[in-house]
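Notes follow the structure.
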Amino acid sequence: MTRILITSALPYINGIKHLGNLVGSQLPSDVYARFNRALGREVMFICATDEHGTPAELAAAKAGQDVAEYCADMHETQAKLAKGFRLSFDHYGRSSSPQNHKLTQHFAGKLAENGLIEEVSEKQVYSNADGRYLPDRYIEGECPNCGFADARGDQCENCTKQLDPTDLINPRSAISGSTDLEVRETKHLYLKQSTMRDKLDAWIDEKKDWPVLTTSIAKKWLHDGDGLRDRGITRDLDWGVPVKKGDQDWDGMEGKVFYVWFDAPIEYIAATAEWAEANGLGDDAWERWWRTDKGADDVKYVQFMGKDNVPFHTLSFPSTIMGSNEPWKLVDYIKSFNYLNYDGGQFSTSKGRGVFMNQALDILPSDYWRWWLLTHVPESSDSEFTWDNFQQTVNKDLADVLGNFVSRVTKFCRAKFGEEVPAGGSYDDAENAVIAEINKRLETYNTHMEAMDIRKATSELRAIWVAGNEYLQSAEPWAKFKTDPEAAAGIVRFALNLIPLYAVLSEPFIPDAADTMLNAMNTKADWPTDVAAALNSLEAGHAFTVPDVMFAKISDDARDEMEQQFAGQS
RNA sequence: GGGCCUGUAGCUCAGUUGGUUAGAGCAGAGCGCUCAUAACGCUUUGGUCGCAGGUUCGAGUCCUGCCGGGCCUACCA
């Protein structure tokens, strides 16, 4: 039996994430995890907060908190929101965990042993007022090319010319505005990725089935200019994983930490170790997912991420893994996504533009958001959120097609036969035709889910819901009831049986609604392998209840109000 | 500047290795049903597939150029 290891890109710690962040990795990975669990496969689904780096320190300072305290609070907030959206992580870890400190230092030590680390002395801009080194984009000044006053140290937004911070005229700190800057000499570790270029190139070449978005970005970095460049993996910061070789100190690296992009992917592994500890299990429990010498040979490892994360997952992290010369599990498939835009522009934290995870849950239940986001997940190109589209999709698909189906069937039965599955009648041609159709659609649905074609899967699922309404319309139990109650009973029994089937098939997308359906029908169900059998599972006499309205519609007024509320200040 | 992605009905999107009259959902129109959240079902109107060339017996699909949108470009993460 194949085991499935799934990781979602780690949300950064510096604030509450918006819907674009959610749909770009966590939500689709959750669908895939739920689907695989439903099939009975053993799944390990990992996510964590990514807590290191300059922006985390600045966010903490802005919040007037110590950075460790800030990260702990924000981790709790994000974990709570993840639960609110029903993200079914087996563990939601923290990149600041002791496990990650230990593993990150371990990998660095191995890379050094294998001659893949180089010490480089370089010049960095230091801000006396801020008491810290400034990354290029945290330095602003006048562009030497076009004269734009607020050019950033890496690139001028106005003329798009790439810059070096020392090019700027009258440079200042973007954090404090201070001009008390100086260039200091500082020593850093570089990972010699360039020596692994051919190996990485050959490895990427094997991945014929990966999304073009994934492989093309990797190829660009491998072949652009002089090819893959070495990458600095340390920073002059206080908050992070202290630079060590395994458990040994690293001469000349005192007071420095590893670069956030070096330790963040290692947290996928460390979070699994956190999971083991949290569940009172030994190291072998997590190592069997990650070490091919300890049982991970039968693991299929799938990563989900936004396109901005691709280079780090196709090149940097594999360099770390391969360079260690230890039998760690490499990724088998990378599913990458484009971006979700908001009503004609980008989501913007600073402008308060767009919907953030906490706000979304304040307004409507998670299933509404999950369904819309997943039916519009940016798989082939960027996609766009509009309130009008959101309202239409939710009202039509969830309220009218699925919710109303459950409602009409259960209420009709209650009125004519009471709140139990009626006896009498039998399944005939009409029912067998529905079984045949669902069988066919289920096969397609399974194929899309295995391939992680999320949008195609949603439209197939919707078609399966529609089949129920079509059936009722042509079977007309309300008309039959007047002349042939037995026949009507058979129809209602069949229709009632569709509800648990729909619940199971819908669970990866709308888990709360699936629960509601199963609870109402007072049953449990497995992923169907035999649709005919599944539609015979509720027998005559089985008691059920009529659920409350599963999905209340979004009114035009409510839609307009929400649109106003989230328009931002642009 | 360079690289990649993208432009198909009013809207959101499918369109396998080029092969007869270009598909789906929503929206619009008409009809039907009345069990149901005025829900459901059936039928139907919308497209010189961004533009211009080219290859081919044949191109939405391949090539070239142009126009528009997006992302990345290695020190934000």
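Atom set for the values below is all heavy atoms of this structure, side chains included, hydrogens, waters and symmetry mates excluded. Convention: sequence-line order gives letters A, B, ...; per-chain numbering from 1.
When distances are taken from the side chain of A:Pro135 to each of B:U37, B:C75, B:U73, the shortest belongs to B:C75. When distances run from any side-chain atom of A:Trp221 to the nucleotides B:A14, B:C75, B:C72, the shortest one goes to B:C72. Side-chain atoms of A:Leu228 lie closest to B:A74 of the nucleotides B:C71, B:U37, B:A74. When distances are taken from the side chain of A:Asp308 to each of B:U34, B:A77, B:C71, the shortest belongs to B:A77. Residue A:Thr54 has its side chain nearest to B:A77 when only B:A77, B:U37, B:C72 are considered. When distances run from any side-chain atom of A:Lys220 to the nucleotides B:C76, B:G2, B:U34, the shortest one goes to B:G2. The side chain of A:Asp50 lies closest to B:A77 when the candidates are B:A77, B:A27, B:U12. Closest to the A:Ser380 side chain, of the nucleotides B:A14, B:U37, B:C75, is B:A14. Closest to the side chain of A:Asp382, from the set B:U6, B:C71, B:C76, is B:C71. The listed nucleotides are B:U12, B:C40, B:G41; the one nearest the side chain of A:Lys396 is B:C40.
Rounded to a whole Å, the CG atom of A:Leu496 is 13 Å from the C1' atom of B:A36. The nearest whole Å value for the distance from the CD atom in A:Glu470 to the P atom in B:A24 is 14 Å. Atom CZ of A:Arg137 is separated from atom C1' of B:A77 by 9 Å (rounded to the nearest Å). Nucleotide B:C72 holds its C1' atom 17 Å from the NZ atom of A:Lys219, rounded to whole Å. B:C40 atom P lies 18 Å from atom CZ of A:Phe412, rounded to whole Å. Spacing between atom CG of A:Asp548 and atom P of B:A36 amounts to 16 Å, rounded to whole angstrom units. One atom, CG of A:Asp164, and another, C1' of B:A74, lie 14 Å apart when rounded to the nearest Å. If you measure from atom CE of A:Met305 to atom P of B:A77, you get 17 Å, rounded to the nearest angstrom.
At least one donor-acceptor pair closer than 3.5 Å links the side chain of A:Ser383 to the backbone N or O of A:His376. For A:Ser176 (side chain) and A:Ser173 (main-chain N/O), no donor-acceptor pair under 3.5 Å exists by modelled atom type. No donor-acceptor pair closer than 3.5 Å links the side chain of A:Arg455 to the backbone N or O of A:Pro378. Judged by distance alone, with hydrogens and angles left aside, the side-chain atoms of A:Asp397 form no donor-acceptor pair with the main-chain N or O of A:Val394 at under 3.5 Å.
A close approach under 4.0 Å does not occur between any side-chain nitrogen or oxygen of A:Lys307 and OP1 or OP2 of B:G70. Distances shorter than 4.0 Å separate none of the side-chain N or O atoms of A:Lys416 from OP1 or OP2 on B:A36. In terms of phosphate contacts, A:Arg408 brings no side-chain nitrogen or oxygen within less than 4.0 Å of OP1 or OP2 of B:C35. One finds no side-chain N or O of A:Lys553 lying less than 4.0 angstrom from the OP1 or OP2 phosphate oxygen of B:A38. Distances shown here put every side-chain N or O of A:Thr458 at or beyond 4.0 Å from the OP1 or OP2 atom of B:C13. For the OP1/OP2 pair of B:A77 and a distance below 4.0 Å, the side-chain nitrogens and oxygens of A:Tyr259 include at least one atom meeting the criterion. Remark: A:Arg462 is not in phosphate contact with B:A24, judged by side-chain N or O atoms under 4.0 Å from OP1 or OP2.
Below the 3.5 angstrom threshold, one finds a donor paired with an acceptor across the side chain of A:Gln124 and the base of B:C75. With hydrogens and angles ignored, no donor-acceptor pair closer than 3.5 Å exists between the side chain of A:Asn404 and the base of B:A39. For B:C11, the base has no donor-acceptor partner in the side chain of A:Glu384 [N/O atoms by modelled type, under 3.5 angstrom].
Aromatic rings of A:Tyr92 and A:His75 (six-membered ring for Trp) have centroids within the 6.0 Å cut-off, being under it. Centroid-to-centroid, the aromatic rings of A:Tyr368 and A:Phe390 stay 6.0 Å apart or farther. A ring-centre distance under 6.0 Å is found for A:Phe417 and A:Phe481.
Look at the C1' atom in both B:G15 and B:G32: the space between them is 33 Å, to the nearest Å. Comparing B:A59 with B:U21, their P atoms are spaced 11 Å from each other, to the whole Å.
Under the 90° criterion around 0 for the glycosidic angle, B:G47 counts as anti.
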